[in-house]
*Asks:* 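The structure that follows is given in the form of structure tokens.
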There are 2 protein chains.
Amino acid sequence: MSLDAGRLRVLVEVAHAGSIAAAAQRMSFTPSALSQQLAKLERELGCRLVDRGPGGTTLTKAGRVLVSHGEAVLGELRAAEEAVRAVLGAEPDRLAIGTFSTAGRILVPEALAAFRHDYPAARLSLLDLEPPKGYGLVTSRDLDLLITHRYVGVPLPGLAGLRRTRLLTDPLRLVLPADHPAADQARSGLADLADEEWISGGHGVPNRVCLGTLAKQAGVEPHVAYETQDYEVTLALIRAGLGISLVPESVLRRTDLTGLAVRELRGVRPSRQMYVVHRRRPAALVAAMVTLLLRSAETITTAV
Amino acid sequence: MSLDAGRLRVLVEVAHAGSIAAAAQRMSFTPSALSQQLAKLERELGCRLVDRGPGGTTLTKAGRVLVSHGEAVLGELRAAEEAVRAVLGAEPDRLAIGTFSTAGRILVPEALAAFRHDYPAARLSLLDLEPPKGYGLVTSRDLDLLITHRYVGVPLPGLAGLRRTRLLTDPLRLVLPADHPAADQARSGLADLADEEWISGGHGVPNRVCLGTLAKQAGVEPHVAYETQDYEVTLALIRAGLGISLVPESVLRRTDLTGLAVRELRGVRPSRQMYVVHRRRPAALVAAMVTLLLRSAETITTAV
DNA sequence: AGCTGACGTTAGCAACGCTTAACTCTCTCG
DNA sequence: CGAGAGAGTTAAGCGTTGCTAACGTCAGCT
């Protein structure tokens, strides 16, 4: 006897949604149904898969392993269905793209416009995802394409059977209020800024990890006073004189910079790199979109 | 809504067994149950998957496509289960090997003996399979290892995510009765033997395809009077003076050759090549067995 | 304390899927 | 040529599965 694909789907959905209740809503079931399916799955395997806690569930080690394999199973199931439809003469016309916020503003629109022109019949869907999430959704074919990034110093997620192409390198700039004392120098070292109040992402966010790594190399520990994921918010805080931050070049290019001073860090050249991730043997639509994204990235790079 | 893995399993079993009734027996169900599952699968997809004929079923084009993807799904399901067991500390101890008859006699026993010595706790299972069958069983994890062959001129099956390693090249010899007129010459061409009665496999059997290809190159058409898959039978027929045949070297080495004359074909050097096929990222047991098989193959080759 | 939100449990009911038993079709053999 | 065997399908019956609904439990919060 073998595992049931339906139960695996439940586990994967619960893992993605973060709680049984949220997954149940997505799947149009009652939480009870999912809970029972999970319990049965755990009974079959003889081990716990999720740790039930108030405020949501977290996966056990076995659960994480099973989720990643479950995504592969779901992906194969969809591939099977798609292959039969292809035999019947149905061209795939759906393209689901996952992207992080900045890319969604600076990289995707241009590519999407060109794509609409080349394939007017294609049905596009977009999903916002913050790195390093989303790899599993490509494996399970919920996404055809994932645009993600990685700050240098943060390890890249392993790609099990996926393909990853670098789109562009996005250097990080030091941004401070225009009237800040350090704004006079063209370059400042992290050590010189040890007493500043920093603005960055929360614990574990790549953003924050990168800042921590850089500071550690400089022998200092930054004081993060404000935590936000959103670079627009970050810039507003800086403008208000509440702190300083490292902000990607690509974000700055599309923003009003009045009241801000943009400098380079001394000694190091931090950056984040943007990638596009898709399955091996991409369909025609996927390959076309990758090409357009690369072109869009090139436009940005050469515009520097 | 998506395909059901259980129904895919039914389709795959039916494809392998060649008929609904045979698959039902293997799965301990009634033919009616499988028939209903297949019907439902066809209804869901909106196309026929099997052609019902008296004396068995054959797959439609869509059916063949779905079977190959179904095998991938089943393989992922087993991989998922195995991965969880691995997290729980269970070492895999099962090794299922598929082999064709000659290899089962000349190549496998030596490797198997060494394997038993190195891994006494491993549970081995063997399955007889005639090439080019068996690739799908590796994908679906029914087999961990497939020992197969291919006569030159016969196309190799495509390997979707599998790895194939050549074990050895097995030259084909012309075998005729000891008192046959042509037995005097050390070499004879196929054109010289155009009027002989040949012994070979049935239509579509690689054996037969190879003979046909060689003969076509020589501008003749062989008259196949006796059809058999079994080389022992073939040799017995030759000994009885009923015909001649091409027989692999490896078969001849383990057989009593009295009453037979072994010669080489003039002009061509036909052969069959033996391969071992397994999944990417083989488990420790699989990798060890491959090594032993390669060593066993080397022993045979150098013993020439 | 009492409330809220999230999860687990139990009872009940609907749907699914298997078996039994008939039927169709084709090929085979006396 | 008609009986029989083999393969597959269809219809009816029934057990199992898996859902919902209502209730029970526990942690954190006001």
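All chains are named by letter (A, B, ...) in the order of the sequence lines, taking the proteins before the strands, and each is independently numbered beginning at 1. Below, each value reflects all heavy atoms present in this structure, side chains not excepted, and no hydrogens, waters or symmetry copies.
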*Asks:* Decide if the gap between the ring center of H149(A) and the ring center of F100(A) is smaller than 6.0 angstrom.
*Replies:*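 Ring centres of F100(A) and H149(A) closer than 6.0 Å.
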*Asks:* Looking at CD of E71(A) and CG of L8(A), how far apart are the two atoms once the value is rounded to the nearest 0.5 Å?
*Replies:*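 E71(A) atom CD to L8(A) atom CG measures 10.5 Å (nearest 0.5 Å).
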*Asks:* Distance check: side-chain N/O of T30(B) vs OP1/OP2 of dT19(C), anything under 4.0 Å?
*Replies:*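 Checking dT19(C) against T30(B), a side-chain N or O does come within under 4.0 Å of OP1 or OP2.
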*Asks:* Return the value, rounded to whole Å, for the distance between atom CD1 of I20(A) and atom P of dT25(D).
*Replies:*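 After rounding, the reported distance stands at 19 Å.
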*Asks:* Under a 4.0 Å heavy-atom cut-off, which of residues 5-15 of chain A touch DNA chain C?
*Replies:*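 Those residues: none at all.
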*Asks:* Rounded at 0.5 Å granularity, tell me how far OG1 in T57(A) sits from CG in D51(A).
*Replies:*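 Answer rounded to 0.5 Å: 9.0 Å.
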*Asks:* Using the salt bridge (Lys or Arg N to Asp or Glu O under 4.0 Å) rule, take R85(A) and E91(A) through it: C-alpha gap first, then chi angles, then the decisive distance, then the call.
*Replies:* CA-CA 8 Å; R85(A) 304 238 175 271; E91(A) 287 284 320; over 6 Å; no
*Asks:* To the nearest Å, how far apart are Q37(A) CD and dC19(D) C1'?
*Replies:*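 The answer, rounded to whole Å, is 9 Å.
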*Asks:* Could you check which of dG17(C), dT9(C), dG8(D) has an atom nearest any side-chain atom of S35(A)?
*Replies:*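 My answer, after comparing the listed nucleotides, is dT9(C).
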*Asks:* What is the distance, rounded to the nearest whole Å, between atom CG of L38(A) and atom C1' of dT9(C)?
*Replies:*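 Rounding to the nearest Å, CG of L38(A) and C1' of dT9(C) are 15 Å apart.
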*Asks:* In this structure, how many angstroms lie between the P atom of dG18(D) and the CG atom of L41(A), rounded?
*Replies:*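 Answer to the nearest Å: 12 Å.
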*Asks:* Send over the distance from M27(A) CE to dG18(D) P, rounded to a whole Å.
*Replies:*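 M27(A) atom CE is separated from dG18(D) atom P by 13 Å.
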*Asks:* Measure the distance from CZ on F29(B) to C1' on dT19(C) and round it to the nearest whole Å.
*Replies:*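 From F29(B) CZ to dT19(C) C1': 11 Å.
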*Asks:* Without swapping roles, check the side chain of S35(A) against the backbone of P31(A) for a donor-acceptor pair under 3.5 Å.
*Replies:*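 The answer is no, because no donor-acceptor pair under 3.5 Å joins these two groups.
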*Asks:* Going by the side-chain contact (heavy atoms from CB on, under 4.5 Å) test, name the single residue among T99(B), L129(B), I97(B) that passes it with L146(B).
*Replies:*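 That would be L129(B); it is the only one of T99(B), L129(B), I97(B) passing the side-chain contact (heavy atoms from CB on, under 4.5 Å) with L146(B).
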*Asks:* Closest nucleotide of DNA chain D for D4(A) versus for S32(A): which of these residues is on the 5' side?
*Replies:*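 Here D4(A) is the residue nearer the 5' end.
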*Asks:* Indicate, with a heavy-atom threshold strictly under 4.0 Å, whether A33(B) touches base, sugar-phosphate, or nothing.
*Replies:*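 Base: the residue A33(B), judged by heavy atoms under 4.0 Å, touches a nucleobase.
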*Asks:* D142(A) and S140(A): side-chain donor and acceptor closer than 3.5 Å?
*Replies:*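 On atom types as modelled, these side chains qualify, holding a pair under 3.5 Å.
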*Asks:* Starting at atom CD of Q25(A), determine the distance to atom P of dA6(C), rounded to an integer number of angstrom.
*Replies:*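 From Q25(A) CD to dA6(C) P: 10 Å.
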*Asks:* Are Q36(A) and dT20(D) close enough that a side-chain N or O sits under 4.0 Å from OP1 or OP2?
*Replies:*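 No, outside the criterion.
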